[in-house]
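What follows is a single structure, written as structure tokens, with notes after it.
Chain letters run A, B, ... following the sequence lines, proteins first, then strands; residues in each count from 1. If you're wondering where the values come from, they're calculated on a predicted model, not measured in any experiment.
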There are 2 protein chains.
Amino acid sequence: MPTTSLPPTAWAVLGLLSFPGERTGYELKKWADASLRFFYGAPAFSQIYAELRRLEELGHVTSRRSGPQEPRTKRSYAITEQGRAALAAWADGGQDVDPVGLRHPVVLRVWLGHLATPERLETLVREHVARTEGELKEVRDALARADGVEAWAHPQIALRWSERRLEAEIELSRAMLADLAALTPPEDPQRAAP
Amino acid sequence: MPTTSLPPTAWAVLGLLSFPGERTGYELKKWADASLRFFYGAPAFSQIYAELRRLEELGHVTSRRSGPQEPRTKRSYAITEQGRAALAAWADGGQDVDPVGLRHPVVLRVWLGHLATPERLETLVREHVARTEGELKEVRDALARADGVEAWAHPQIALRWSERRLEAEIELSRAMLADLAALTPPEDPQRAAP
DNA sequence: TAGGACATGTAATCAGTTACATGATTAA
DNA sequence: TTAATCATGTAACTGATTACATGTCCTA
């Protein structure tokens, strides 16, 4: 096997198939949205299908049409032994684990805070906290669904990590809010202080 | 102005120019590496130059050759009033602040933990902690350099956010390490417990 | 005088997204 | 019977990276 190096997303898709059972591209997408998404992002449908075709060409997965015959019925994928070995080798990846990628549009805007009003900035961060609380709820739901399933032990740890990271994200936002407030000395519009 | 929507990276580059002074593409890259990088990632040289050309075409920046004449001497960029207005409008961006993007290759590997040995997984996370500690040091250096400069108040807040976020990242890793250890019941190779 | 930092760019490639098209199956 | 969900894919585009090419300026 010619060690074709693949993008992490390909390994993520293959990883989705490394858990017991076979599934369709569509199912894989739902799965990605409910777990992978919290620590790695979820690829678009079109990319999942593309990766599955590539993985099949490489012999890392096999597929079979499940709908009897006919045009474009559903196609279920399963990982091969070769695929499992390749995935394990990648996951082990002693040499090069690529860096954590983070793009935080809210902090980017705070960084540009000299262009905005303090009130607007505060609103932006508060909205972010609200969104994050929503995500936190979703992770907890996912965690509840995964609870007790033996085969999901590691995905559960990843979800717990995600839960804690969202909690941390909220704390980080609040601390930033405090920093922002400290920048604007507390106004006292009624009486002018000496 | 025809509200040409630009990718966040273009605004980030323009943002770098929104602080007092003019600078070259090369300087912008150094800057991005020392600040932007910690919460948004730093674009490659080639992309910075490309964005600068685009921003100039849009009238958001102007440039002048600093080396007297001759082939490819350095070119310094400055933001225009129009550019500043456009940037402020984007930063305010009430409607659509895009979601936080996170790709965490270490958590991805833990998620795939059923394919690895517990020891290997532990090493992977410990290495990540070490790398993160290195980054933390870099943020603190950046923070020290920015200290006291009046115009950098908001960038400083972004850096403080980055510092806390790296501290949180380390705590998160340690918690995950504990979760992993709990998965593998403590071995007692000397005497078999009843 | 050699090496490193400064400085700018081109070419090739790829990863990944959005928008669109199509149709089957299931539940209200 | 109609809407939602399941299901798969194509086309066009673009964001972004890597590798390469080129040359200047400064300093040990």
Side-chain angles (χ1 to χ4, degrees), chain A residues 4-14 16 22-34 36-37 40-58 61 63-77 96 98-99 101-103 105 108, chain B residues 4-14 16 22-34 36-37 40-58 61 63-77 96 98-99 101-103 105 108:
Chain A
T4 325
S5 99
L6 291 168
T9 301
W11 298 115
V13 169
L14 189 56
L16 250 3
E22 53 172 33
R23 30 197 125 3
T24 66
Y26 190 91
E27 289 172 311
L28 254 20
K29 168 62 173 165
K30 301 288 124 174
W31 261 75
D33 282 344
L36 244 199
R37 181 181 132 223
Y40 209 77
F45 272 121
S46 61
Q47 205 196 342
I48 288 182
Y49 290 121
E51 295 294 359
L52 286 171
R53 284 190 292 268
R54 164 154 59 174
L55 290 168
E56 183 159 37
E57 229 167 297
L58 292 170
V61 303
S63 72
R64 57 178 193 88
R65 241 174 297 278
S66 346
Q69 74 283 36
E70 297 313 308
R72 280 222 318 240
T73 24
K74 68 173 164 175
R75 182 173 287 271
S76 293
Y77 289 84
D96 51 318
D98 38 32
L102 175 66
R103 338 200 98 197
L108 183 59
Chain B
T4 325
S5 98
L6 291 169
T9 301
W11 298 115
V13 170
L14 189 55
L16 250 2
E22 52 172 33
R23 26 196 124 12
T24 66
Y26 190 92
E27 289 172 311
L28 253 20
K29 167 64 173 165
K30 300 289 122 176
W31 260 74
D33 283 344
L36 244 199
R37 180 180 133 224
Y40 210 77
F45 272 120
S46 60
Q47 205 197 342
I48 288 181
Y49 289 122
E51 296 294 359
L52 286 171
R53 284 190 293 267
R54 165 155 58 175
L55 290 168
E56 183 159 37
E57 228 166 298
L58 291 170
V61 302
S63 72
R64 59 180 192 85
R65 239 175 298 279
S66 346
Q69 74 283 40
E70 296 314 307
R72 282 223 316 241
T73 25
K74 69 172 164 176
R75 181 174 287 271
S76 293
Y77 289 85
D96 50 320
D98 37 32
L102 175 66
R103 335 201 101 198
L108 183 59

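- Remark: P of D/dC6 and CH2 of A/Trp31 are 15 Å apart, rounded to the nearest angstrom.
- Separating the CG atom of A/Leu52 from the C1' atom of D/dG9 is a distance of 12 Å, rounded to the nearest angstrom.
- Applying the 4.0 Å criterion to OP1 and OP2 of D/dA16, one finds that A/Arg103 has a side-chain N or O inside that range.
- Regarding B/Arg64, its CZ atom lies at a distance of 13 Å from the P atom of C/dA7, rounded to whole Å.
- Of the options B/Lys30, B/Arg37, B/Lys29, a side-chain hydrogen bond (donor to acceptor under 3.5 Å, both in side chains) to B/Asp33 is made by B/Lys29 and by none of the others.
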Dump the intermediate steps for side chain to side chain contact (heavy atoms under 4.5 Å, CB included) on B/Ile48 and B/Leu16, then the final yes or no. CA-CA 11 Å; B/Ile48 288 181; B/Leu16 250 2; 5.7 Å; no

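- When distances are taken from the side chain of B/Gln47 to each of D/dG15, D/dT8, C/dC6, the shortest belongs to D/dG15.
- With sequence neighbours excluded, the residues forming a side chain to side chain contact (heavy atoms under 4.5 Å, CB included) with A/Ala10 are A/Leu6, A/Pro7, A/Glu51, listed by chain and number.
- In this structure, B/Lys74 places its NZ atom 10 Å from C1' of D/dC25, rounding to the nearest Å.
- An angle of 30°, rounded to 10°, separates the two end axes of the helix from C/dT1-D/dA28 to C/dA28-D/dT1, each defined over five pairs.
- When the ring pair (Phe, Tyr, Trp, His ring centres under 6.0 Å) test is applied to A/Tyr49, no partner is found at least two apart in sequence or on another chain.
- Considering only residues two or more places apart in sequence or on other chains, B/Pro99 meets the side chain to side chain contact (heavy atoms under 4.5 Å, CB included) condition with none of them.
- In this structure, the CZ atom of B/Arg75 is 20 Å from the P atom of C/dC6, given to the nearest Å.
- The side chain to side chain contact (heavy atoms under 4.5 Å, CB included) test applied to B/Ser46 returns B/Ala44, not counting sequence neighbours.
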Under 3.5 Å, which protein N or O atoms sit close to an N or O of nucleotides 10-14 of chain C? Give each pair with its distance.
none

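- Rounded to whole Å, atom P of D/dC6 lies 12 Å from atom CG of A/Asp33.
- Within the 4.5 Å cutoff, side-chain heavy atoms of B/Tyr77 are placed close to those of B/Glu56.
- Between the side chains of B/Arg75 and B/Ser63, a donor-acceptor pair is found at a separation under 3.5 Å.
- Following rounding to the nearest Å, A/Phe45 (CZ) and C/dT18 (C1') show an atom-to-atom distance of 14 Å.
- Counting only heavy atoms from C-beta outward, the side chains of B/Arg53 and B/Val61 never approach each other to under 4.5 Å.
- Summarising the geometry, the separation between CH2 on B/Trp11 and C1' on D/dA16 is reported as 19 Å, rounded to the nearest angstrom.
- Put simply, A/Tyr26 has no side-chain N or O that comes within less than 4.0 Å of OP1 or OP2 on D/dT8.
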